[in-house]
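A short write-up of the structure that comes next.
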Amino acid sequence: MGLKSVAARFQAAGRHVLAMLACLIVLAPAAQAKETLRIGVLDYLGSDHSLSHWEPTEAALDTALPGYDFHFEPLDIHQLDAALAAQKLDFVITNPGNYAELEYRYHISRLATAQSDQPVGSTLVTTEDLTTLGDLAGRKLAITAPEAFGGFQVIWSEMLNADPRLPAKVQLEVTGYPMQRAAQAVLDGRADAAVLRPCMLEKLQREDPARYGALHAFALQPSEQTQCALSSPVYPGWPLAKARATSPELAKQVAIALMQMPSGNRWTVPLDYQPVHELLRQLQLGPYARTGPVNLRDFIADYRDWLIALAVALIFWALYSVRIETLVRRRTRALDLANTQLKQEMIERERAEAADRLHMRELEHVARLSILGEMASSIAHELNQPLSAISNYAQGCMLRLQTGSFTQADMETASGEIAAQAERAATVIRRIRAFVRKRETQRAPIKICELLAECSSLYEAQTHRAGVRVEVMCAQGLAQVTGDRVHLTQVILNLVQNAVDAMAQTDPDQRRILINAERAEEPGRGAGICLSVRDRGTGMSETAMAHFAEAFYTTKPEGIGLGLALSRSIIEAHGGWMRAQRPADGVGLRVAIWLPIGEDTP
């Protein structure tokens, strides 16, 4: 064989090889053509998030089943429903609540449950000071959609469990998808709180702390399944389900591929979704929604416990009515007898109270007479001065009339002085008569400064004879108190008398009584007037301070221990208090009285 024939054969073989390569190139696309499988994914945070989140699952399915091209499509709840209705999806990945409804409507069936995904539940977030579910009453709550499981239905069930009346008190603000809109509604002030999926708050704050840092979770519940904030129990994870038209063999291959995923999204066998069905049954959603009239069986099933309780209550009521009818007659007779006895007791009690009031008035009258008796010599001296002046002026007039050395001006002057001294004596007598007269209590507005001035005319002669200097300090513009003028006068005179007695052994230069009246606030009771009488006498021992104003306890050898006790009862009847206080310098004693004033008192 020559070289030419060999070369010709090589050229022919080369042409065959090139022809075969050309055929392979032409036939390669036909040999590599794959069937596209569409998997609808519930989109709650944006399509980019959904695609990136489920990308490991998509890659694992493409690798495990090279004959198919898995195409993940992010869809919201309404789009997912429409796609299944049009039979455009082969598989579905959605939340448990939406799966339960789609299972009922389109007969999809779950193949696996996401195991390492974020927990399924709800987290309540706010920028305000909210702590419990009850704080949502009267507030506006932002939700993604009424169909959202973690974005609405879970937290609505928690509200019903906490208080069946609470959902009616909450106003909903529907923001739509993605779920960030609900959080933004709180930040914009369009809502007071929002419902998010668990771990979404932490994710948003990691990605944009400046924007979402003001949000915080509340109404938290402990959970061992996650470190994220939770406001509800954790429900089974998202399932991957096949559509009704998808072949069982393909579904089996997909399930095996999911269980064998080396990394990324973790899947496990389908979990028990009974808690999801219980929630939907409670809310009457999805397969448990009432679309027609309620039949008797459903009514009994819904209100069985209430009907049983009502039946038991009716039986108990019937038995109780029979018993009550018997007891009513028996007790009516007993009640008539008790009523007669009660009326008699009320009559006796009224008599006793009247006797007590009369006895108290007698004691007060005796106390006033006692004070007046102790001040008798001083009052006599007080009356003696105007009477002596009247006598002197009268004798002077007679002498001038006898001698004829008088003028009309002199007689007018003498007559005016006699009238003035007579009025002075009459004033003292009127005040004494008003002070000692028996009378019923008469309440009227009283100006403390005027009352102190009136009292000074009664104790002035006594303190002067005892060598006691009295200083009265009454703040200007004090409001009036409502009380009995005579009773309050009795209290002041009694305190002044005690102060004078306490300084019997005091150096005459140090005998001084300070009476002070000023405005004072009493914690828990409001504004009032504090009236205090302070002496520089021997003071009181700790034992005497402990028994201050106690009936029949006295430190005076001749005392009976009623003066201060009656004074305290008078002040307490006026709504005030009386206390003994040791002065800061430790000398003498300070007795303080507090009386309330009205807000509208001028």
Side-chain angles (χ1 to χ4, degrees), residues 41-50 52-54 74 76-77 93-98 114 117-136 139-162 166-167 170-223 225-238 276 279 283:
V41 178
L42 178 61
D43 178 20
Y44 68 93
L45 202 58
S47 58
D48 293 339
H49 170 269
S50 299
S52 62
H53 182 74
W54 299 108
D76 63 25
I77 286 182
I93 299 177
T94 185
N95 66 50
N98 184 236
D117 199 14
Q118 296 175 354
V120 175
S122 295
T123 300
L124 287 167
V125 299
T126 185
T127 58
E128 301 182 13
D129 187 18
L130 305 181
T131 56
T132 65
L133 286 172
D135 294 336
L136 290 173
R139 306 271 186 164
K140 185 177 289 188
L141 180 66
I143 64 171
T144 306
E147 302 85 4
F149 186 71
F152 171 68
Q153 295 172 357
V154 170
I155 209 65
W156 211 245
S157 173
E158 292 300 302
M159 289 185 188
L160 286 172
N161 294 333
L166 180 58
V170 179
Q171 182 179 355
L172 298 180
E173 176 73 16
V174 181
T175 62
Y177 291 92
M179 193 171 281
Q180 301 98 303
R181 293 182 180 177
Q184 190 62 43
V186 176
L187 296 175
D188 294 342
R190 292 183 286 113
D192 301 297
V195 185
L196 303 180
R197 279 197 61 187
C199 300
M200 183 175 173
L201 173 63
E202 290 79 1
K203 179 179 183 300
L204 294 176
Q205 291 180 339
R206 284 195 305 270
E207 295 176 351
D208 194 348
R211 183 178 183 182
Y212 298 102
L215 296 172
H216 67 273
F218 68 98
L220 300 180
Q221 296 188 17
S223 175
Q225 303 182 33
T226 180
Q227 298 298 321
C228 298
L230 277 172
S231 303
S232 71
V234 175
Y235 288 83
W238 285 35
V276 179
L279 183 146
L283 301 180

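- At least one side-chain heavy atom of Phe218 sits under 4.5 Å from a side-chain heavy atom of Leu136.
- Distance alone, capped at 3.5 Å, places no donor-acceptor pair between the Gln180 side chain and the Gly46 backbone.
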(message) Walk me through whether Leu42 and Trp238 qualify under side chain to side chain contact (heavy atoms under 4.5 Å, CB included).
(response) CA-CA 10 Å; Leu42 178 61; Trp238 285 35; 3.8 Å; yes

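- Annotation: the span from His49 atom NE2 to Glu207 atom CD amounts to 8.0 Å, rounded to 0.5 Å.
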(request) Begin with the C-alpha distance, continue with both residues' side-chain angles, and end with the deciding distance and a verdict on side chain to side chain contact (heavy atoms under 4.5 Å, CB included) for Leu279 and Tyr235. (result) CA-CA 10 Å; Leu279 183 146; Tyr235 288 83; 3.1 Å; yes

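- Between Pro198 and Thr226, the closest side-chain pair of non-hydrogen atoms is not below 4.5 Å.
- Listed here is the closest heavy atom pair of Leu201 and Ala217: CD2-N, 3.9 Å.
- Heavy atoms only, all atoms of each residue included: Ala214 and Leu187 are closest at CB-CD2, 4.4 Å.
- A donor-acceptor contact under 3.5 angstrom links the side chains of Gln184 and Arg211, judged on distance only.
- Within the 3.5 Å criterion, the main-chain N or O of Ala185 finds no donor-acceptor partner in the side chain of Asp188.
- Taking both residues in full, the closest heavy atoms of Pro119 and Val234 are given as CB-CG1, 4.0 Å, listed atom of the first, atom of the second, then distance.
- The minimum heavy-atom distance between Leu204 and Tyr212, with the atom names listed, is O-CD1, 3.6 Å.
- No more than 12 heavy atoms of other residues, nucleotides or ligands sit less than 6.0 Å from atom CG of Asp129.
- Looking only at distances, no side-chain donor or acceptor of Ser231 sits under 3.5 Å from a matching main-chain atom of Leu220.
- When atom types are taken as modelled, the side chain of Asn95 and the backbone of Gly97 share a donor-acceptor pair closer than 3.5 angstrom.
- Closest approach of Ala182 and Ala194 over heavy atoms only: O-CB, 3.4 Å.
- Checked by atom type, the side-chain pair Asp48/Ser52 shows no donor-acceptor distance below 3.5 Å.
- With 3.5 Å as the limit, one finds no donor-acceptor pair spanning the side chains of Glu202 and Gln227.
- Judged purely by atom type and a 3.5 angstrom limit, Asp192 uses its side chain to pair as donor or acceptor with the backbone of Lys140.
- One distance of note links SG of Cys228 with CZ of Arg197; it measures 10.5 Å at 0.5 Å rounding.
- A donor-acceptor pair under 3.5 Å is absent between the side-chain atoms of Gln221 and the main chain of Leu230, judged by distance alone.
- Looking at Thr144 and Tyr177, their side chains come closer than 4.5 Å, going by heavy atoms from C-beta outward.
- Using a 4.5 Å cut-off on side-chain heavy atoms (C-beta onward), Leu283 and Phe152 make no contact.
- Asn161 places a side-chain N or O within donor-acceptor distance of the main-chain N or O of Ser157, the cut-off being under 3.5 Å.
- Side-chain atoms of Leu130 and Arg139, non-hydrogen and from C-beta on, do get closer than 4.5 Å to each other.
- Looking at every heavy atom in both residues, Leu215 comes nearest to Ala183 through CD1-CB, 3.9 Å.
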(message) One pair to check against side chain to side chain contact (heavy atoms under 4.5 Å, CB included): His216 and Thr126. What are the steps and the verdict?
(response) CA-CA 6 Å; His216 67 273; Thr126 185; 3.6 Å; yes

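- Remark: Lys203 NZ to Asp208 CG distance equals 11.0 Å, nearest 0.5 Å.
- Between the side chain of Ser122 and the main chain of Gly151, no donor-acceptor pair closer than 3.5 Å is present.
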(request) Could you walk me through whether Thr123 and Val195 pass the side chain to side chain contact (heavy atoms under 4.5 Å, CB included) test, one step at a time? (result) CA-CA 6 Å; Thr123 300; Val195 185; over 6 Å; no

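- Using a 4.5 Å cut-off on side-chain heavy atoms (C-beta onward), Pro167 and Leu160 make contact.
- Side-chain contact between Glu147 and Asn98 is absent, with no heavy atoms from C-beta onward closer than 4.5 Å.
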